[in-house]
Amino acid sequence: MPELPEVETMRRGVRPLVGGTIIEAFCPPSHHHPIKYRPPPETLFPALVGRSIRAVERCGKRLLLRLDNDHALVIEPRMTGRVSLNPPQLPSHTRLVLRVRMTQPRGNRKGAPVEHTMIFRDVRGLGAVHLLDANSCRTELGPQNIGPDALDISWQELRDRLRHRKCAIKVALLDQRAIAGVGNIYASEALHLARIHPTTPCHLISNRRWRTLQQALHLVLEEAIAKQGSTLSDGAYITPSDEAGRYQDEHRVYQRTGERCIQCRRGIIRRIILGQRSTFYCPVCQPAPRGS
DNA sequence: CATATGTCCTGAGAGC
DNA sequence: TGCTCTCAGGACATAT
């Protein structure tokens, strides 16, 4: 499931498209249910042709291609969406194909045209592709809907945004309006590193622990980016160059139910359900909050 | 406003 | 072997 590190890996992989011009955009014919396109495909795809790509950015768990007309092509991978650059052939469940011609090929004095193909593929089809104008970008990706990026947020801001809540800290970390980029994997991982029990109510967390949690989030996310994200047993996530991520091997608790904790070497990792999502923790490192 | 629940979707795996 | 069932969870809509 692409979270911040996986989408950041996508962003870095797709960076070679910057400066190129989109010469073709389409979705190959298929029998599967269409994903959510906005505007609908018959408007969206033609609107992309002829546009050049100014920048490739990440907004929380979304990938943004900034275009030369102040629009942005926003790709939301959600559960099983992934991008590939120059795939050998079009795989099943391909939802978008962009052919991009590089206008100024680097290190190529003869100027032979260089082309790239970027595809967005989404097996379960829960993802979305949006073409937003400048105004929609400001509102839909603005602070009303997307909180500060998890890599940029200070511990004080994290605290101030969550400390009034009574819900479990694990649930709060998944709220993209409070803090952007954290998903189910990295919420469990960061809480374990910070030694905070996932059910701890936000309003019971001390200043010292908010700071520890922010540092843990930062560390875990940076570690995961360095390993190009986590490819789980379902294999849903893969890097743009079709390599598996390697951070799943470094997971401290996620999908490690029954294993011995590598941090304290005593606890046995447990799995519970919080907010309808699997949550993993070590009962020794992360003692239950008082009164539960 | 905060929080809880239902919905979408497909393929993998379990169980019979 | 082949069928049916359950499960995975990010974002959003709707309800409380």
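By convention in this document, chain letters (A, B, ...) are assigned in the order of the sequence lines, proteins followed by strands, and residues within each chain are numbered from 1.
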A:I75 CD1 - C:dG10 C1' separation (whole Å): 16 Å
Is it the case that C:dA8 (base atoms only) and A:R124 (side chain only) share a donor and an acceptor within less than 3.5 Å, ignoring hydrogens and angles? yes
Considering only NZ, NE, NH1 and NH2 on the basic side and carboxylate oxygens on the acidic side, decide whether A:R54 and A:D68 come within less than 4.0 Å. no
Does a donor on one side chain and an acceptor on the other come within less than 3.5 Å for A:E223 and A:Y247? yes
Taking 4.0 angstrom as the limit, do A:R78 and A:D122 come out as a salt bridge? no
Please tell me if A:Q176 has a side-chain N or O lying less than 4.0 Å from either OP1 or OP2 of C:dA11. yes
Ignoring hydrogens and geometry beyond distance, is a side-chain donor-acceptor pair present between A:D133 and A:H71 at under 3.5 Å? no
Nearest whole angstrom, please: distance from the P of C:dC7 to the CE of A:M79. 15 Å
Can a salt bridge be assigned to the pair A:E222 and A:K227 using a cut-off of 4.0 Å between side-chain N and carboxylate O? no
Rounded interatomic separation in angstrom, taking CG from A:N145 and P from C:dC12: 8 Å
Regarding A:E115 and A:R99, does a basic nitrogen lie under 4.0 Å from an acidic carboxylate oxygen? yes
Min and max contacting nt of DNA chain B in 5' to 3' order, chain A heavy atoms within under 4.0 angstrom, are B:dA2 to B:dG11
Could you state the CD-P distance from A:E140 to C:dG10, rounded to the nearest angstrom? 21 Å
